[in-house]
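First comes the structure, then the notes that go with it.
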Amino acid sequence: MGAVEQYNIHEAKTQLSRIIEQVERGGEVVISRAGKPVAKVVPLNTSVQRTGRGSLKGKLVLADDWDSAETNAAIAADFGMDS
């Protein structure tokens with residue numbers, strides 16, 4: 001990837017659409033005030049990196065009563081629902 005582009009605040013306001021397009025393509029943009037960098041606009045990672053079914057195995061611990069009638073009734077009560 002090339003050099004990070006830099007915009008002053010006024011330029012950033014007038015070029016916001018262009019900045020967003022650049023970031024959507026994986027670029028990064030620095031926004032400055034009076035020549036001093038104050039913010040960086042970077043792409044968000046919106047995808048979940050899972051290896052497939054069961055990829056959370058061993059990482060989640062469920063209580064023995066996680067799906068008991070009592071637990072379900074307590075959750076329903078928390079949401080104001082009759083069980």
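Just so it is clear, the values below take in all heavy atoms, side chains as well, and ignore hydrogens, waters and symmetry mates. The first residue of the sequence shown is numbered 1, and numbering continues consecutively from there.
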Practice task
Applying side-chain hydrogen bond (donor to acceptor under 3.5 Å, both in side chains), name anything that partners E24, two or more places apart in sequence or on another chain.
Solution key: none

Exercise for the section: Run through the side-chain heavy atoms of Ile, Leu, Val, Met, Phe, Trp and Tyr, join any pair under 4.5 Å, and report what else lands in L44's cluster. Expected result: none

Handout entry: For E11, all residues meeting side chain to side chain contact (heavy atoms under 4.5 Å, CB included), sequence neighbours excluded
Key = Y7, N8

Handout entry: Partner residues of D67 under the side-chain hydrogen bond (donor to acceptor under 3.5 Å, both in side chains) criterion, sequence neighbours left out
Key = N72

Practice task
Would you check if I31 and I9 make a side-chain contact, meaning some heavy-atom pair closer than 4.5 Å?
Solution key: yes

Practice task
Output all residues satisfying side-chain hydrogen bond (donor to acceptor under 3.5 Å, both in side chains) with Q15, sequence neighbours left out; order by chain, then residue number.
Solution key: R18

Completion exercise
Closest heavy-atom pair, A12 versus I19, reported as atoms and distance to 0.1 Å, is CA-CD1, 3.7 Å

Handout entry: Minimum heavy-atom distance between P37 and Q6, given as atom pair plus value
Key = CG-NE2, 4.4 Å

Problem - Pairwise salt bridge (Lys or Arg N to Asp or Glu O under 4.0 Å) hits with a residue in residues 54-63, at least two apart - result: none

Problem - Where at least one partner belongs to residues 29-48, residue pairs that pass salt bridge (Lys or Arg N to Asp or Glu O under 4.0 Å), sequence neighbours excluded - result: E28-K40

Fill in the blank from the handout: Residues at least two apart in sequence or cross-chain that pass side-chain hydrogen bond (donor to acceptor under 3.5 Å, both in side chains) with S68, listed by chain then number, are E70, T71

Fill in the blank from the handout: Apart from W66 itself, members of its ILVMFWY cluster (side-chain separation under 4.5 Å) are L62

Exercise for the section: Looking only at non-hydrogen atoms, find the nearest pair between G27 and P43 and report the distance. Expected result: O-CD, 3.4 Å

Exercise for the section: Tell me, please, which residues at least two apart from R53 pass side chain to side chain contact (heavy atoms under 4.5 Å, CB included). Expected result: none

Handout entry: V23 and V42, any side-chain heavy atoms less than 4.5 Å apart
Key = no

